[in-house]
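Structure first, then comments.
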Amino acid sequence: MNISRFLKNPLITGTLLMTASGIASRIIGFFYRIFLAQTIGAEALGVYQLIAPVFAMCFALTASSIQTSISKFVGDACGKNAGTSQGEITARGYLLLGLVISCTASVIVGIFLYTQADWIALHFLGELRCAPLLSLLSFSMLPCCIHACINGYYYGKKRAGIPSFCQLVEQLARVGSVWLIYQYTLEKGMELTAFHAVAGLVAGECSGLITSLIAMSLEKRLPGHSYHTLSGQWKTMGKLFASMAVPLTINRVTTALFNSLENLLIPQKLQAFGYSASDALSIFGILTGMTMSIILFPSVLTNSFSVLLLPTVSEAHSAHNHAQIARTIKKAILYGLLLGFVFTILFLVFGDRMGEVLFHNTLAGNFICQLSWLCPLLYVTSLLNSILHGLGNARQVLFVTLLACMIRICMILFLVPQYGIDAYLWGMLLSYVFAAIADILLLMPYSRAG
């Protein structure tokens with residue numbers, strides 16, 4: 001194989017860049033989670049993890065679908081007008097559309113989150129200690145949305161280097177700021193809290209924004225009159241953009257709602273099983289803040305590939321290149337399964353030891369071993385969902401995702417009060433088995449073309 005030709009493939013080089021950056025970020029984040037677990041404790045980590053569904057909901061409302069839509073339409077524009085200035089003008093037009101929509105939504109959501117933090121913490125999360133965390137989190141909305149849109153633009157152009165660098169800068173800023181706060185609290189004889197961890201999250205988002213804006217400022221400037229060529233197309237572009245962004249937003253928000261319900265029910269039903277409120281939050285923190293950080297660590301490899309698969313598959317679909325789509329599906333399944341089984345074996349053999357050495361927590365080690373079987377399913381569904389989105393099957397992905405969530409929620413509602421956290425772990429495995437099989441069945445008609 002010609003190595004130089006292999007590396008010139010933007011999908012390959014982009015994946016390598018994102019993987020390298022993702023691995024570095026995950027390693028930093030991995031040790032950061034260990035640091036948080038040891039400094040703020042399992043219960044405070046559980047409180048911190050409780051706001052994750054709120055952040056996911058806000059991101060789904062303001063940026064997630066916008067970023068994906070920008071990526072798709074920028075990819076289409078560059079593919080149809082390759083090598084021409086019109087392709088770049090249209091691509092930046094879609095970026096501008098996305099920025100206007102996303103920034104407007106982020107300001108509205110940020111204001112609501114700040115002013116209604118107490119209500120959300122009490123009535124939605126059921127934990128008043130989350131209120132100051134939510135107020136602080138609101139300041140991350142606008143910077144998060146802007147750099148997410150810019151990242152979508154670069155993903156669409158298959159230039160993953162800049163988003164990868166932004167991701168690394170964001171992670172370094174997040175961890176670095178919390179470490180500086182920790183040094184300050186040590187000097188003052190105070191304790192590090194979940195509030196400080198959220199402060200680090202806001203600092204990371206702001207750093208990602210600054211980095212992405214610097215990258216855009218270095219882009220080749222287009223003549224001032226360039227956008228006049230789009231004067232008669234803005235309405236058409238807006239409708240086309242909305243045709244993908246609106247359903248995708250509904251999909252992401254609905255999924256975020258179900259995931260939020262899932263996370264909120266776990267501590268409540270653990271209390272119904274017999275745990276105290278403090279112990280229930282501790283188990284929730286161990287599962288979501290410690291165990292899942294290990295299980296999801298290898299997914300940086302598939303996530304990098306997934307992000308770049310969407311515009312690539314979308315371009316192949318618009319060109320009616322069915323053979324390429326079929327090859328991509330088969331390689332994605334093979335790649336996801338191979339990677340997954342390697343880490344399943346690794347976690348089965350060393351899971352207990354990882355929990356003890358990394359977190360000084362035996363329960364975390366038990367969870368790692370039990371959830372090791374998720375790896376092949378997690379990695380395959382991540383890749384196949386990206387392909388389905390690239391093929392325009394967002395509704396099917398939503399339907400499968402919601403059914404998988406319903407399986408887990410039913411396990412939480414009906415079995416966790418009787419059998420404890422083990423029932424939820426089995427529910428996770430069952431839901432991902434269902435999702436993987438459903439995705440493969442949905443892609444069967446496309447895979448036969450190869």
Side-chain angles (χ1 to χ4, degrees), residues 24-55 58 110-111 113-122 125-144 147 166-211 267 276-293 355-361 363-364:
S25 297
R26 286 290 176 93
I27 290 173
I28 296 168
F30 177 66
F31 286 105
Y32 176 59
R33 285 301 175 109
I34 296 172
F35 167 74
L36 284 182
Q38 294 178 353
T39 53
I40 69 175
E43 183 179 355
L45 188 59
V47 174
Y48 174 68
Q49 288 296 129
L50 276 177
I51 70 165
V54 177
F55 184 75
C58 293
I111 291 172
L113 188 60
Y114 182 82
T115 57
Q116 302 299 318
D118 289 340
W119 183 87
I120 295 170
L122 187 60
L125 300 180
E127 179 55 70
L128 198 56
R129 284 178 289 178
C130 290
L133 278 62
L134 293 173
S135 297
L136 183 58
L137 184 69
S138 66
F139 292 98
S140 71
M141 288 295 102
L142 185 60
C144 171
H147 84 77
C166 287
Q167 178 188 17
L168 191 57
V169 169
E170 182 183 336
Q171 186 71 298
L172 286 169
R174 177 183 303 178
V175 176
S177 59
V178 174
W179 185 82
L180 289 174
I181 293 171
Y182 176 63
Q183 296 303 313
Y184 177 80
T185 58
L186 278 180
E187 290 181 7
K188 299 296 181 179
M190 300 185 297
E191 292 183 350
L192 194 72
T193 66
F195 184 84
H196 299 131
V198 178
L201 190 151
V202 176
E205 295 293 351
C206 292
S207 299
L209 166 65
I210 294 168
T211 307
S276 66
S278 176
D279 288 341
L281 271 177
S282 295
I283 292 173
F284 178 70
I286 291 166
L287 176 61
T288 58
M290 299 181 193
T291 305
M292 292 309 296
S293 66
E356 293 174 5
V357 172
L358 299 174
F359 300 110
H360 306 296
N361 193 293
L363 186 58

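Remember, predicted model here, so these are calculated numbers, not experimental data.
Remark: Phe35 CZ is packed, more than 12 non-hydrogen atoms of other residues, nucleotides or ligands lying under 6.0 Å away. Sparse packing is recorded around CD of Glu191, with 12 or fewer heavy atoms of other residues, nucleotides or ligands lying under 6.0 Å away.
If you take CG on Leu201 and CZ on Arg174, they are separated by 4.5 Å, rounding to the nearest 0.5 Å. With values rounded to the nearest 0.5 angstrom, Tyr182 atom OH is found 13.0 Å from Leu180 atom CG. Note: Ile51 CD1 to Leu134 CG = 6.0 Å, rounded to the nearest 0.5 Å. In this structure, Arg33 CZ and Gln49 CD are separated by 4.5 Å, a value rounded to the nearest 0.5 Å. With rounding to the nearest 0.5 Å, the separation of CD in Gln116 from OG in Ser138 is 12.0 Å. To the nearest 0.5 Å, the span separating OH on Tyr48 from CG on Leu36 amounts to 6.5 Å.
Taking every heavy atom of both residues into account, Ala117 and Ser135 meet most closely at CB-OG, 3.2 Å. Heavy-atom minimum distance, Ala173 versus Gly204: CB-CA, 4.0 Å. The heavy-atom pair separating Ala280 from Pro267 by the smallest distance is CB-O, 3.5 Å. In this structure, Arg129 and Pro132 approach most closely via the heavy-atom pair O-CD, 3.6 Å. Nearest heavy-atom pair across Leu133 and Ala194 is CD2-CB, 3.8 Å.
Within the 4.5 Å cutoff, the side chain of Leu50 has heavy atoms near those of the Leu281 side chain. Between Glu205 and Val202, the closest side-chain pair of non-hydrogen atoms is not below 4.5 Å. Contact of the Met190 side chain with the His196 side chain is not registered, since no non-hydrogen atoms from C-beta on lie closer than 4.5 Å. Looking at Val47 and Cys130, their side chains come closer than 4.5 Å, going by heavy atoms from C-beta outward. Using a 4.5 Å cut-off on side-chain heavy atoms (C-beta onward), Leu45 and Met290 make contact. The closest side-chain heavy-atom distance from Val178 to Leu192 is below 4.5 Å. Looking only at side-chain heavy atoms (C-beta outward), Tyr32 and Trp179 stay at 4.5 Å or farther from each other. In this structure, the side chains of Phe55 and Met141 come closer than 4.5 Å at one or more pairs of heavy atoms.
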Take Leu168 and Ile28 through the test side chain to side chain contact (heavy atoms under 4.5 Å, CB included) and record every step on the way to the result. CA-CA 9 Å; Leu168 191 57; Ile28 296 168; 4.1 Å; yes
Start with the C-alpha gap between Glu43 and Ser282, add the side-chain angles, then the distance that decides, and say whether side chain to side chain contact (heavy atoms under 4.5 Å, CB included) holds. CA-CA 4 Å; Glu43 183 179 355; Ser282 295; 3.8 Å; yes
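Not counting sequence neighbours, the partners of Asp279 by the side-chain hydrogen bond (donor to acceptor under 3.5 Å, both in side chains) test are Ser276.
Remark: side-chain polar atoms of Thr291 are paired, donor with acceptor, to backbone N or O of Ile286 under 3.5 angstrom.
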